[in-house]
There are 2 protein chains.
Amino acid sequence: MNLKELSALLNLSQTTVSRALNGYPEVSEATRERVGKAAREHNYIPNTRAQGLATGRTHAVGHVIPLSTKHEVVNPVFTDFIAGASEIYAQENYDMHLTVVPDTNEEAAYRKIASKGSVDGVIVHGPVKNDPRIKLLQSIGMPFVVHGRSNTEVDQDYAWVDMNNKRAFERATKFLIDLGHTRIGLLNGLESMDFAIRRRAGYQSALDAAGIASDAYLCRSEEMTEDYGYESTMAFCTRDTPPTAILASSIIVGIGVRRACSELNLTLGKDLSLIIHDDGLSYFRNGAAASQYTATRSSVRQAGLTCAELLMEQIANPDVPKRHVLMEAELIIGSTTGPAPRP
Amino acid sequence: MNLKELSALLNLSQTTVSRALNGYPEVSEATRERVGKAAREHNYIPNTRAQGLATGRTHAVGHVIPLSTKHEVVNPVFTDFIAGASEIYAQENYDMHLTVVPDTNEEAAYRKIASKGSVDGVIVHGPVKNDPRIKLLQSIGMPFVVHGRSNTEVDQDYAWVDMNNKRAFERATKFLIDLGHTRIGLLNGLESMDFAIRRRAGYQSALDAAGIASDAYLCRSEEMTEDYGYESTMAFCTRDTPPTAILASSIIVGIGVRRACSELNLTLGKDLSLIIHDDGLSYFRNGAAASQYTATRSSVRQAGLTCAELLMEQIANPDVPKRHVLMEAELIIGSTTGPAPRP
DNA sequence: GCAGGCTTTCAAAGCGCTTTGGTGGATTGA
DNA sequence: TCAATCCACCAAAGCGCTTTGAAAGCCTGC
């Protein structure tokens, strides 16, 4: 059933039917109801492509996942972000397009997305240092919101939603230092990514403030898998002077650390302290059990929701000033931290 | 830059430019090259909406996530599936649309997707028993592939890709029985879902074969979160007669079981045996470490890839007979299983 | 030298919608 | 009663592409 058929059925022009359906005032209440009823009865739904062609609006947004960050799509953090965003999309009747772009020619990919005209705006994932995509999207003139930030050298006139990564990791590190730890391992995410750079900076800043020299061996940077946590802990603990505490960039890495500990017969919070960053992942609740992790917590689902909101806002009104949202993480005290063991 | 502008620039008709770009034979090699060059130089990319309107093809597929399965989007299993599928999409230059539909009016949602005309086909996730969506999509006439199956009462003429869930869980249960276990807990997924029903059947069938009565208390059904594994194990083990073995539907549930064990000071493979189903999740490799889980293994990423392939096939040629792919799981022996402890 | 057949190009219709710019008829005010 | 206003509706253009049907130009071969 299309507009033409429906209007023929009703003995009305396409114009009138279209207006009736879209709530324009120049239609009598009587016909509006008649049209609405018929549309419902015959399951009439406007063809989005045609609608998009005519209006220039697609009612869809794109999420572009660079393949360069290895497999960001499969990152549970990404998944929870998407879930948050799609709450807004469902509500606003927007579609979500997922595009995985190979890193070979990212610029071309974004240009393509823009000229294909299949989305009204995009969310930029996994910003790196001085991310070229920002300038690119600005020049193309496509509305976008960045999940995270790029560093400050780039023109700041873009919308972003970020967590205060530096502050969170600074606090966590300081918390460990206050407990007497001096050898603190950092299992960071990929340090090509902006968030990881900031976390590293926070960690470093707390060490500096306490006058503790940092040990390059204790700082690792990888994709945040369970295995990464496991392998790193195993490597750390077969060393002469293992760290007495570890800061892990994700609960998933933390799970790997825990597995290594149980294999090595170390008790978390006693033999080894652990603080994780808790994104509030739906499948990995860091609840109030005896084994709760000490954590910096900030909901990535909420971040997704906020990003989507900002994007909707920008699409609706492109001239609105670009907003920035910086979320602070809470510090949750669990059972995985304790005073540094005496040597 | 659009077709009109481009053809004006080249002093050619839109027809010729379009044909040149789409590889039609009735264009001289000379002009084809001239057109191709100009298109590249001016970053001309056809507008998908217009192309879609004209051809009836969108070059996009839809993944519809029922919200009824609580939050399937955030299920890491889903995520890995998507990653596999998008490999094919990237290769075939297809877009992926993600739609989260509230379970209130699923039928309407699918109809809507069909008439909106924004996708050429869909992948059906999380089929339940006697899933109404199958009949619906068949009647609408939209190409689709089901990840999983619905039970056999439904007309079988549809394409699906599934893992042999029954067989896998039957083998795993038998493996435990052979080790002397008789009280075997089952931490199943949501038993509204087809896959969970089959797993349950496999479990039951092995018990029956061994003449072991099943204990309703030992069978649980929930969303496969880490917490579910943890809580269930805690509940089991504060009982008079706890199970000596557990079968968990996902590595994530298994991780929760392990956490509970370390909290309860139980050694996996000695005090409690555990077999998980391992979907081969990218962020949770069940590698060859000392703590490797005994598992039934089948790559969900591969399943995603295969689903996408079948869908492409069907879109290209709707009259092709519907294919079914049934993947067998391997049984991997790790360190989390051992003989049943003597009472 | 010209009908017939190729090759290469084009104008125009159409995909399903929105939107512009009317039009005809009822209603109002003097 | 007639011009001025409104109201409710409509025909047609246009969004950017593909595709049909036709035509122009160039070879053939008799």
Side-chain angles (χ1 to χ4, degrees), chain A residues 1-36 38-39 42-60 93 95 111-120 142, chain B residues 1-36 38-39 42-60 93 95 111-120 142:
Chain A
M1 171 70 51
N2 58 24
L3 227 211
K4 198 165 163 189
E5 289 162 23
L6 184 64
S7 44
L9 207 92
L10 287 162
N11 260 318
L12 285 171
S13 73
Q14 297 193 32
T15 311
T16 305
V17 176
S18 171
R19 307 210 116 141
L21 256 21
N22 293 319
Y24 281 71
E26 53 272 82
V27 177
S28 75
E29 259 332 293
T31 47
R32 187 189 303 285
E33 272 181 24
R34 198 160 67 92
V35 169
H42 296 83
N43 277 315
Y44 168 72
I45 291 161
N47 179 304
T48 357
R49 280 188 311 240
Q51 216 166 14
L53 238 204
T55 57
R57 280 286 172 78
T58 62
H59 254 63
N93 229 315
D95 251 15
R111 280 201 188 288
K112 191 167 158 189
I113 287 161
S115 28
K116 276 202 308 183
S118 45
V119 299
D120 293 338
M142 152 132 340
Chain B
M1 172 68 51
N2 60 23
L3 228 211
K4 200 166 163 187
E5 290 163 21
L6 184 63
S7 43
L9 207 92
L10 287 162
N11 260 318
L12 284 171
S13 73
Q14 297 193 30
T15 311
T16 304
V17 176
S18 170
R19 307 210 116 141
L21 257 21
N22 293 318
Y24 280 71
E26 53 272 81
V27 178
S28 74
E29 257 333 295
T31 47
R32 186 190 303 287
E33 271 181 24
R34 197 160 69 91
V35 169
H42 296 84
N43 276 315
Y44 168 71
I45 290 161
N47 179 305
T48 0
R49 281 188 311 242
Q51 217 166 15
L53 238 203
T55 58
R57 278 287 172 77
T58 61
H59 253 65
N93 230 315
D95 251 14
R111 279 199 189 289
K112 191 166 159 190
I113 286 161
S115 27
K116 277 202 306 183
S118 45
V119 299
D120 293 338
M142 153 134 339

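Only heavy atoms go into these numbers, but all of them, side chains included; no hydrogens, no water, no symmetry mates. This is a predicted model, so every value here is computed, not measured.
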Tell me which residues in residues 21-33 of chain A put a heavy atom below 4.0 Å from DNA chain C, sorted by number, or none.
Asn22(A), Tyr24(A)
Working to the nearest 0.5 angstrom, can you tell me the gap between Leu6(B) CG and His42(B) NE2?
7.5 Å
With a 4.0 Å cut-off (strictly under) to non-hydrogen atoms of chain B, the first and last hit nts on DNA chain C, 5' to 3', are dT8(C) to dG16(C)
Contacts of Lys112(B) that satisfy salt bridge (Lys or Arg N to Asp or Glu O under 4.0 Å) - sequence neighbours left out:
none
Contact list please: residues 43-60 of chain A against DNA chain D, heavy atoms, distance less than 4.0 Å, in numerical order.
Leu53(A), Ala54(A)
Do any pairs count as a side chain to side chain donor-acceptor pair (under 3.5 Å) and have a residue in residues 24-34 of chain B, sequence neighbours left out, and if so which ones?
Ser28(B)-Thr31(B), Glu29(B)-Arg32(B)
Residues in side-chain contact (heavy atoms from CB on, under 4.5 Å) contact with Ser115(A), at least two apart in sequence or another chain:
Ile45(B)
If we fit an axis to the first five pairs and another to the last five of the helix from dG1(C)-dC30(D) to dA30(C)-dT1(D), what angle do they make, to the nearest 10°?
60°
Only counting residues at least two apart or in another chain, list the ones meeting side-chain hydrogen bond (donor to acceptor under 3.5 Å, both in side chains) with Thr58(B).
Asp120(B)
Give me, pair by pair, the N or O atoms of the protein and of nucleotides 22-24 of chain D that are less than 3.5 Å apart, along with how far apart they are.
none

Scan residues 9-19 of chain A against DNA chain D and write down, sorted by residue number, each residue with any heavy atom closer than 4.0 Å; if none is found, say none.
Asn11(A), Leu12(A), Ser13(A), Thr15(A), Thr16(A), Arg19(A)
Applying the side-chain contact (heavy atoms from CB on, under 4.5 Å) criterion to Glu5(B), which one of Asn2(B), Leu9(B), Leu3(B) satisfies it?
Asn2(B)
Rounded to the nearest 0.5 Å, what's the gap from CG on Asp95(B) to CD1 on Ile113(A)? Could you check?
7.5 Å
Sorted by chain and residue number, the side-chain hydrogen bond (donor to acceptor under 3.5 Å, both in side chains) partners of Arg111(B) (sequence neighbours excluded) come out as Glu107(B)
Between CE of Met1(A) and CG of Asn43(A), what distance do you get to the nearest 0.5 Å?
9.0 Å
Which atoms form the tightest heavy-atom contact between Ala60(A) and Ser118(A), and what is the distance?
CB-O, 3.7 Å
Do the non-hydrogen side-chain atoms of Tyr44(A) and Leu21(A) ever get within less than 4.5 Å of each other?
yes
Arg19(B) side chain near Val35(B) side chain, heavy-atom distance below 4.5 Å:
no
According to the side chain to side chain donor-acceptor pair (under 3.5 Å) rule, which pairs have a member within residues 6-15 of chain B, sequence neighbours left out?
Ser13(B)-Thr16(B)
